[in-house]
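Order of listing sets the numbers, starting from 1, for every ligand and every atom in it. Atom set for the values below is all heavy atoms of this structure, side chains included, hydrogens, waters and symmetry mates excluded.
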Amino acid sequence: MTPKWELVSLPRWEMTAYWILSFSSHLYSFYQLHRFSKEHEVSLDREVQLERGFLIWGFKKDPTDFEWSFWNEWAWQSLLWSLIGHAVVSRLAAFFLPQFRLAVLTVYGILSAGWLLGVRGLTLLMLHLSISLVVAQLRSPILSWFCSLLLLSTLNVTAFQDLQRGWYTSEDQYYLLLFSTAVCTLRCISFSLELCWCPRKAGGPNHCPPLEVQGLKTLIFQFYKLTAYCFYHPLFYNGPILTYRDFSEQIDRPVCKVSVVYVLSGILRVCVWWCLAEFMIHFMYMHAIQSNETYLEMLPPWALGGLALALVQFFYVKYLVLFGVVSLLVRLDGIEPPKLPRCVSIMYSFTGMWRHFDVGLYKWLIRYIYVPLGGSRHGVFRKLVSTALAFGFVCFWHGCHDYLQYWALLNWIGVLVENVLALFFSSRPLHHIIVRCLSPRMQRRGLALISALSTAFLILSNLLFLGGIHVGRIFWKRLFVQEWRPPRHLG
Ligand SMILES: CCCCCCCCCCCCCCCC(=O)SCCNC(=O)CCNC(=O)[C@H](O)C(C)(C)COP(=O)(O)OP(=O)(O)OC[C@H]1O[C@@H](n2cnc3c(N)ncnc32)[C@H](O)[C@@H]1OP(=O)(O)O
């Protein structure tokens with residue numbers, strides 16, 4: 001058996017010192033980025049049209065984070081009201097028609113989706129669902145996968161994109177359809193694979209709702225279940241993703257009694273996160289700056305660090321808001337949502353990052369890709385392949401752009417290097433030497449030192465995801481190449 005590392009805690013004064021150092025360097029680098037934003041406000045305004053700010057008096061606001069502006073606009077326009085409507089309908093149905101609650105929620109979900117996506121958008125989604133269900137009748141996971149990937153790839157075909165754009169008066173409506181179709185595909189994959197595996201499972205009726213009996217009646221019943229799962233309103237547009245198994249096990253539970261304090265504290269928490277995200281884009285124009293290479297080259301070192309931190313922190317706070325709102329509603333329906341993302345500033349490894357950031361997607365990837373391909377229990381080669389295909393799928397699902405391919409490759413390498421290092425340091429002779437030469441506290445400090453390297457590459461790879469290739473390239477050049485070169489003597 002490989003020996004295990006036991007990590008002890010460090011003295012309290014030392015931990016306090018690290019927290020203070022980390023916190024103050026965050027704040028100082030944000031302040032430097034703020035100064036840079038203010039100094040270049042006029043030219044940034046000319047380039048990206050900063051908006052009139054409202055949160056802090058006299059400040060402008062950087063509106064160039066597409067996802068944030070997009071969901072905020074939809075939220076105020078309609079989504080907030082339809083989500084509140086869902087909560088009311090769900091409560092009323094639980095009270096007056098408990099046995100038909102799922103049917104009521106399904107009708108509500110379909111009507112809400114149709115209201116925003118139109119009849120043609122709704123028909124497209126129903127077509128995806130029907131095709132997936134028909135293929136799943138063959139009970140072949142490979143065929144189901146093939147069909148889902150084919151459906152997913154249609155989202156990137158220009159002719160289909162143009163056709164769908166033509167259905168709407170605004171680009172935003174098209175994007176709403178695109179996002180909901182992409183998330184729906186994940187649900188279709190989940191449903192189809194559960195259906196394929198169902199007959200083989202010994203789980204009994206709890207784990208295996210009556211999907212395995214053949215016949216038209218069953219097919220209609222399955223379609224109803226799939227529609228209820230895909231059109232469940234709180235999770236419909238943007239997730240987080242729940243597997244069909246988790247959804248079907250929990251949706252029939254009686255809705256929980258709501259304490260007003262619980263709801264109000266949940267709403268308050270989301271409002272605080274929303275204000276924090278808005279504060280960040282009023283205080284620092286990080287998205288406008290990252291879109292222009294000249295600014296990236298000009299940024300002083302602290303402001304450059306501040307930019308990287310601000311980009312990843314903003315992404316985290318954004319997802320606290322987006323997932324936080326729907327998680328609150330989902331919990332009121334008696335369903336346990338995936339945990340919210342963990343703060344990115346306390347992440348120090350690739351492995352940990354993906355376990356704790358989008359927990360719903362992680363569980364989905366583990367259940368439908370990683371474990372079926374062997375995962376970590378069938379040798380190194382299977383682990384290499386399973387990890388590659390997990391990242392490969394995420395890259396494909398996001399559209400397979402070139403910067404996503406680099407992101408997936410770097411993350412794959414990152415996860416593998418961490419696994420190799422963990423094996424290396426746990427190997428008997430080395431473990432023995434380390435335990436003899438280093439005190440438990442020094443072992444922990446050593447791990448922290450190694451993790452610093454991992455963290456640096458983790459930030460770099462995710463900057464590629466958030467900003468594209470040019471951002472990754474300039475950060476690589478400025479932080480990893482230039483900063484480590486010995487200074488040249490003049491004269
Ligand atoms: C100071 C500032 C720092 C900032 C820091 C930067 C942060 C910057 C953030 C910005 C964020 C931007 C960008 C985000 C944008 C997206 O959110 S998109 C991202 C979507 N997510 C991904 O792409 C992640 C893809 N990768 C993964 O999900 C995981 O790495 C993988 C590939 C599944 C591997 O997971 P893993 O946990 O390493 O796998 P492993 O431990 O081997 O196995 C997991 C479990 O399965 C079990 N298992 C494995 N194989 C088997 C088997 N054959 N049979 C049964 N069970 C098995 C294991 O026992 C284990 O069980 P538990 O220990 O959990 O009980």
(request) Decide whether the shortest distance between a heavy atom of Lys383 and an atom of ligand 1 is less than 4.0 Å. (result) yes

(message) Using a 4.0 Å cutoff against the non-hydrogen atoms of Val344, which atoms of ligand 1 qualify?
(response) 2 (C), 3 (C), 4 (C), 5 (C), 7 (C), 9 (C)

(message) Going by the rule side-chain contact (heavy atoms from CB on, under 4.5 Å), which residues pair with Ala136 if we only count those two or more places apart in sequence or in a different chain?
(response) Ser144, Ser192, Leu195

(message) For Tyr348, which part has a heavy atom under 4.0 Å from ligand 1: side chain, backbone, both, or neither?
(response) neither

(request) Run down the list Ala388, Ser376, Gly360 and name the one with the heavy atom closest to atom 49 (C) of ligand 1. (result) Ser376

(message) Would the distance check show the side chain of Gln290 and the main-chain N or O of Leu307 forming a donor-acceptor pair, the cut-off being under 3.5 Å?
(response) no

(request) Just jot down the ring-ring contact (aromatic ring centres under 6.0 Å, His included) partners of Tyr348, sequence neighbours excluded, or say none. (result) none

(message) Quick check on Trp407 - does any of its heavy atoms sit under 4.0 Å from an atom of ligand 1?
(response) yes

(request) Select the closest option to atom 32 (C) of ligand 1 among Leu460, Val359, Thr387, Leu458, judged by heavy-atom distance. (result) Thr387

(request) May I ask which of Phe457, Trp397, Phe393, Trp354 has a heavy atom nearer to atom 27 (C) of ligand 1 than the others do? (result) Trp354

(message) Could you check whether Lys38 makes a cation-pi contact with Phe59, meaning its NZ or CZ is under 6.0 Å from the centre of the six-membered ring and within 45° of the ring axis?
(response) yes

(request) From the options Gln313, Met347, His26, Met353, select the one whose nearest heavy atom is closest to atom 7 (C) of ligand 1. (result) Met353

(message) Counting non-hydrogen protein atoms only, what is the nearest one to atom 22 (C) of ligand 1? Give residue, atom name and distance.
(response) Val394 CG2, 3.8 Å

(message) Give the atom numbers and elements of ligand 1 that come within less than 4.0 Å of a heavy atom of Leu309.
(response) 2 (C)

(message) Could you check whether atom 65 (O) of ligand 1 has a protein contact, counting only heavy atoms that fall below 4.0 angstrom?
(response) no

(message) Quick check on contacts: which atoms of ligand 1 are under 4.0 angstrom from a heavy atom of Gly374?
(response) 50 (N), 52 (C), 53 (N)

(message) If the cut-off is 4.0 Å to any non-hydrogen atom of Leu361, which atoms of ligand 1 fall inside it?
(response) 20 (C)

(request) Using non-hydrogen atoms of the residue, decide whether Asn411 is closer than 4.0 angstrom to ligand 1. (result) no

(request) With atom 61 (O) of ligand 1 as the reference point, say which of Arg355, Glu418, Lys363, Arg367 has the nearest heavy atom. (result) Arg355

(message) Could you check whether Phe314 and Trp68 have their ring centres less than 6.0 Å apart?
(response) yes

(message) What protein heavy atom lies closest to atom 55 (C) of ligand 1? Include the residue and the distance to one decimal.
(response) Arg377 NH1, 3.5 Å

